[in-house]
Amino acid sequence: GPEDLSVCLIDTTCLQANIHFPVDWLLLRDVSITLLKAIKLIRKESLFNRMVELPEELSKSMNRLCIEMTHSRRRAGAKKARKGILRKMKRLLKRIGGHAEKHRDLLQRNYAQTELSQAQAGRIIARINEKLEQLPKVIEQAHERIIGERQVKNDDKILSAHECDIDVIVRGKAGASVEFGNELIVGESQGGLIVDYMLYGKGAPGEGEKLMESAERQQKFKVDSKLATVVTDRGFDGAKTLAWLESESITPQICPKNPQALRDRLKDAEFSRWQTRRGSTEARIAILKNHTGGRVWRAKGLNHRRLAVGWSVLAHNLEWIARTVREQQQAPPARAAA
């Protein structure tokens with residue numbers, strides 16, 4: 001039978017990125033490893049530029065400094081020692097960057113002499129260019145936080161050397177006070193069918209803006225039934241959001257932030273019923289996120305994560321349709337009127 005799409009229960013979550021915990025000095029190691037791997041690929045094609053130390057030796061030197069940095073904690077003079085180690089890491093990374101730049105130029109001039117295709121050579125060159133662009137930024141960030149002991153704004157912070165479209169998401173939940181990834185908004189029907197979703201990149205809008213964008217998408221694509229009611233938690237509450245919903249003739253069943261207003265709204269049986277039902281939306285999001293067997297997806301890059309979310313939503317809805325049809329077929333037939 002047809003599913004009622006006039007009511008949408010909306011919530012947001014964090015789709016965590018597949019990265020290690022963002023530590024400033026580890027960014028230097030990540031950039032150096034990527035550059036050294038690219039150098040190895042170029043030298044494998046018999047294109048050599050003079051190096052006092054081989055890439056393997058430079059990699060060992062960086063790993064040794066990382067171990068020293070790890071073991072310098074909780075010791076007398078730890079702060080001074082960490083600053084000294086970071087200065088060594090900075091010098092080493094700049095030296096690796098210089099070698100990578102010379103090997104990149106060598107490959108650009110002589111890639112026709114190698115067994116690499118133009119696309120393969122272009123990929124190696126692009127990888128080196130990307131990390132060389134990051135190199136001064138990660139050095140500056142580590143210098144500001146460790147040597148300068150100054151905070152870096154979240155908007156300017158580099159969280160991963162390989163993922164540039166992720167945010168610091170402060171949720172304040174038990175076990176996940178701060179998460180690193182992308183904000184995902186999900187809307188489901190009262191029967192449990194996912195009717196809207198969007199995975200945001202870096203600099204996502206506020207909850208109210210997300211709600212209005214979701215309602216606009218649903219109004220644009222729904223044909224048979226118009227969106228009449230939205231049910232959300234207190235994070236979406238706001239005067240601008242409520243005014244917009246009223247102008248669109250959409251009934252807001254939004255949990256108020258004001259405690260007195262919440263006490264007044266709880267006297268309404270309809271509001272209480274929808275807020276009780278909203279608790280299942282958290283489980284719906286958990287089902288959507290756990291389809292791979294883990295809370296962290298392995299998809300790399302924002303576009304690939306968006307594609308993975310789309311496939312997950314499709315798989316969820318197909319399973320929901322199959323289960324609903326099976327339940328309807330197994331239901332006992334209704335008794336005929338006497």
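These numbers come from a predicted model, not from an experiment.
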Tell me if the [atom1] atom of [X] is crowded by more than 12 foreign heavy atoms within 6.0 Å.
| X | atom1 | result |
| --- | --- | --- |
| Lys157 | NZ | yes |
| Glu57 | CD | yes |
| Gln328 | CD | yes |
| Lys44 | NZ | no |
| Glu319 | CD | no |
| Glu56 | CD | yes |
| Arg298 | CZ | no |
| Lys40 | NZ | yes |

Kindly indicate whether the side chain of [X], heavy atoms from C-beta on, has any atom under 4.5 Å from the side chain of [Y].
| X | Y | answer |
| --- | --- | --- |
| Glu183 | Met198 | no |
| Ile285 | Lys289 | yes |
| Lys102 | Arg50 | no |
| Arg91 | Arg95 | no |
| Asn110 | Thr114 | no |
| His162 | Lys131 | yes |
| Thr232 | Asp11 | no |
| Trp311 | Val309 | no |

I'd like to know if [X] pairs up with [Y] as an ion pair, taking the criterion as any Lys NZ or Arg NE/NH1/NH2 lying under 4.0 Å from an Asp or Glu carboxylate oxygen.
| X | Y | result |
| --- | --- | --- |
| Glu149 | Lys83 | yes |
| Arg145 | Asp24 | yes |
| Glu270 | Arg273 | yes |
| Glu163 | Lys202 | no |
| Arg127 | Glu130 | no |

Note to self: Pair Leu227, Leu5 - check side chain to side chain contact (heavy atoms under 4.5 Å, CB included), show working.
What the structure shows: CA-CA 7 Å; Leu227 181 64; Leu5 303 181; over 6 Å; no
For the student: nearest non-hydrogen atoms of [X] and [Y], plus distance:
| X | Y | answer |
| --- | --- | --- |
| Leu266 | Ser272 | O-OG, 2.9 Å |
| Ile250 | Ala215 | CD1-CB, 4.3 Å |
| Ser32 | Met62 | OG-CG, 3.5 Å |
| Ala121 | Tyr111 | CB-CB, 4.0 Å |
| Ala161 | Leu27 | N-CD2, 3.7 Å |
| Ala204 | Asp167 | N-OD2, 3.9 Å |

Hey, is the main chain of [Y] close enough, under 3.5 Å, to the side chain of [X] for a donor-acceptor pair?
| X | Y | value |
| --- | --- | --- |
| Glu3 | Gly191 | yes |
| Ser312 | Ala308 | no |
| Asp165 | Leu302 | no |
| Asn317 | Ile194 | yes |
| Arg306 | Leu199 | yes |

Single-linkage hydrophobic cluster [X]~[Y], side-chain heavy atoms < 4.5 angstrom:
| X | Y | value |
| --- | --- | --- |
| Leu35 | Phe48 | no |
| Tyr200 | Leu159 | no |
| Met51 | Val31 | yes |
| Ile33 | Met69 | no |
| Ile139 | Val152 | no |

Check: What's the verdict on side chain to side chain contact (heavy atoms under 4.5 Å, CB included) for Tyr197 and His316, showing C-alpha distance, side-chain angles and the deciding distance?
Finding: CA-CA 13 Å; Tyr197 73 94; His316 171 277; over 6 Å; no
Just by distance, no angles: are the side chains of [X] and [Y] close enough, under 3.5 Å, to form a donor-acceptor pair?
| X | Y | answer |
| --- | --- | --- |
| Glu133 | Asn129 | no |
| Gln218 | Ser214 | yes |
| Arg326 | Gln329 | no |
| Gln120 | Arg123 | no |
| Thr229 | Gln253 | no |

Next item on the list: Carefully, step by step, assess Lys153 and Glu144 under the rule salt bridge (Lys or Arg N to Asp or Glu O under 4.0 Å).
Entry: CA-CA 11 Å; Lys153 294 181 179 179; Glu144 286 293 303; over 6 Å; no
Next item on the list: Please determine if Lys210 forms a cation-pi arrangement with Phe236, meaning its NZ or CZ atom is less than 6.0 Å from the six-membered ring centre and no more than 45° off the ring axis.
Entry: no
Next item on the list: Using the side chain to side chain contact (heavy atoms under 4.5 Å, CB included) rule, take Arg75 and His71 through it: C-alpha gap first, then chi angles, then the decisive distance, then the call.
Entry: CA-CA 8 Å; Arg75 291 184 179 180; His71 292 168; 4.2 Å; yes
Note to self: Just to verify, what does Arg43 make a salt bridge (Lys or Arg N to Asp or Glu O under 4.0 Å) with, not counting sequence neighbours?
What the structure shows: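 If we apply the salt bridge (Lys or Arg N to Asp or Glu O under 4.0 Å) test to Arg43, skipping adjacent residues, there are no hits.
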Could you measure the distance from the [atom1] atom of [X] to the [atom2] atom of [Y]? Nearest 0.5 Å is fine.
| X | Y | atom1 | atom2 | result |
| --- | --- | --- | --- | --- |
| Cys255 | Asp233 | SG | CG | 7.5 Å |
| Arg305 | Asn18 | CZ | CG | 9.0 Å |
| Leu116 | Leu107 | CG | CG | 6.5 Å |
| Ile39 | Ile124 | CD1 | CD1 | 11.5 Å |
| Ile254 | Phe271 | CD1 | CZ | 9.5 Å |
| Leu318 | Leu314 | CG | CG | 4.5 Å |

Check: Run the side chain to side chain contact (heavy atoms under 4.5 Å, CB included) check on Arg284 and Leu288 step by step: do they pass?
Finding: CA-CA 6 Å; Arg284 186 71 52 192; Leu288 181 68; 6.0 Å; no
